[in-house]
Peer 1: 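Before I ask anything, let me first share the structure, which is written out below as structure tokens.
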Amino acid sequence: MRAVDIIIKKRDKEELSTQEINFFIEGFVSGEITDYQASAWAMAIVLNGMNLRETTDLTLAIARSGATLDLSDVVDIAVDKHSSGGVGDKTTLVVLPVVAACGLPVGKMSGRGLGFSGGTIDKLESIPGYRVTLTTEEFKKQLKQIGVVLTGQSLDLAPADGKLYALRDVTGTVQSIPLIASSIMSKKIAAGANAIVLDVKVGLGAFMQSLDEARLLADTMTRIGEMAGRKVKTLLSDMNQPLGFAVGNALEVREAIDVLHGSGPVDFREHCLVACAHMLLLGNRADSLEAGKKLAEQSIQDGKAWEKFRQLVIAQGGNVDVVDKPDQLPQAKIVEVVKSPQNGYLSQIHARLIGEASVLLGAGRSKKTDPVDHAVGIEVHHKVGELVEQDNPLFTLYANDQTRLREAQALAMSAHQWQEKPTSPLPLFYN
Ligand code: URA
């Protein structure tokens with residue numbers, strides 16, 4: 001078999017066999033198949049798709065490309081969560097400590113930013129000292145000791161995904177149902193999850209722009225999960241506007257801390273509580289969604305979720321003083337409040353444009369080797385449907401460079417649209 005023939009076959013819209021998919025993934029991980037061949041292959045998949053059989057084969061090949069974790073000696077049921085990627089999505093930072101505080105041990109491997117969408121690992125690295133590379137032994141030991149782990153994808157788990165994910169980020173090959181579904185599900189299967197809550201984002205700031213596409217992605221992942229013997233619950237959540245207000249690494253950590261203290265943006269808090277409720281239900285710690293939500297709320301109110309977050313930061317070497325006093329998180333040199341140029345009801349706060357503006361400021365990457373500036377980002381001040389008056393604050397830019405600030409300002413301004421007539425707020429979830 002030759003890699004080039006497999007690329008050509010997919011370019012010509014043909015179905016790949018299990019052997020061809022296995023050959024490609026094994027060759028890519030061993031280095032025999034080059035980055036440029038894998039990029040061309042990924043582009044052929046973006047353009048011509050894969051059927052469910054091919055996608056399942058791809059998922060299993062990626063999951064098998066490294067070690068697999070068995071958590072059965074540490075937790076009775078390993079529940080995991082994953083978001084398909086969005087703007088301002090810092091949900092994991094809240095959900096993990098909350099769920100752990102409710103008595104469900106949870107260990108998660110998260111990713112870095114991808115294109116305009118942020119990544120939990122980049123956010124966590126805003127906390128000085130926080131280690132995002134744990135060994136499998138450290139992962140299990142910490143899960144046993146404090147019931148919560150939040151780390152980057154370890155190099156030995158699904159290494160094919162790590163390599164492919166970094167290439168896709170910079171070759172325009174993120175947006176593809178088979179590639180996203182196999183990327184997410186391979187990681188979850190390799191990381192030993194028995195049950196998985198999948199938060200599929202839909203809208204302008206998501207990889208899935210329409211509800212139909214999002215449903216197809218949700219359905220694809222559910223079917224892959226079923227074939228691999230995992231329980232899967234998919235949520236379809238809105239990503240037309242940023243989740244919460246903060247977009248950018250340290251800014252988002254701060255907003256997550258607010259929610260763990262019982263305040264923070266209403267939409268973000270509610271989103272987190274719903275995700276927690278589903279996890280607690282799947283993990284048999286609650287017998288209904290209502291009960292799960294109450295449990296989650298209670299853990300925030302009584303400070304147990306916050307204490308769990310502190311334990312997590314300490315266990316992974318992070319400076320806990322910084323989360324206790326979030327003013328010590330990385331701070332941008334320039335903070336500029338931009339005012340609304342007109343009166344009106346906000347009809348759009350285009351999440352992708354806000355995400356791209358944040359990347360322009362340095363919060364994300366254009367090349368896979370680009371460093372990330374943890375201090376920079378954008379705070380929007382409104383939600384769709386709100387009435388804004390001229391000269392009221394519209395958004396705040398946090399920057400470390402004047403030229404980037406100006407470019408990001410123009411882009412973030414273009415993300416906002418107004419109308420004269422009242423318009424409804426956006427839903428948090430879709431059916
Ligand atoms: N999240 C992932 O883990 N993989 C993707 O491809 C997209 C979002």
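Just so you know, ligand 1 is whichever comes first in the structure, and atom 1 is the first atom listed for that ligand.
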Peer 1: Can you pull out the closest protein heavy atom to atom 3 (O) of ligand 1? Residue, atom name and distance to 0.1 Å, please.
Peer 2: Lys187 NZ, 2.6 Å
Peer 1: Give the numbers and elements of all ligand 1 atoms closer than 4.0 Å to a heavy atom of Tyr165.
Peer 2: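 Result: 2 (C), 3 (O), 4 (N), 5 (C).
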Peer 1: Pair Asp373, Asn400 - check side chain to side chain donor-acceptor pair (under 3.5 Å), show working.
Peer 2: CA-CA 9 Å; Asp373 185 342; Asn400 278 325; 2.8 Å; yes
Peer 1: Please write down residue, atom name and distance for the protein heavy atom closest to atom 8 (C) of ligand 1.
Peer 2: Ser84 O, 3.3 Å
Peer 1: Below 4.0 Å from any atom of ligand 1, is there a heavy atom belonging to Val174?
Peer 2: no
Peer 1: Check this for me: does any side-chain nitrogen of one of Lys123 and Asp89 sit under 4.0 Å from a carboxylate oxygen of the other?
Peer 2: no
Peer 1: Apply the side chain to side chain contact (heavy atoms under 4.5 Å, CB included) test between Leu96 and each candidate in Thr120, Val106, Leu312, Val149; give the one that qualifies.
Peer 2: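 Single pass found, and it is Val106.
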Peer 1: Under 6.0 Å between ring centres: does that hold for Phe207 and Phe116?
Peer 2: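 Judged by ring-centre distance (under 6.0 Å), Phe207 and Phe116 do meet the cut-off.
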Peer 1: Taking the six-membered ring of Phe139 as reference, does the NZ or CZ atom of Lys108 fall below 6.0 Å from its centre and within a 45° cone about the axis?
Peer 2: no
Peer 1: For atom 1 (N) of ligand 1, what is the nearest protein heavy atom, given as residue, atom name and distance?
Peer 2: His82 NE2, 3.6 Å
Peer 1: Considering heavy atoms of the protein only, find what lies nearest to atom 5 (C) of ligand 1 and give residue, atom and distance to 0.1 Å.
Peer 2: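 Residue, atom and distance for the closest contact: Ser183 OG, 3.5 Å.
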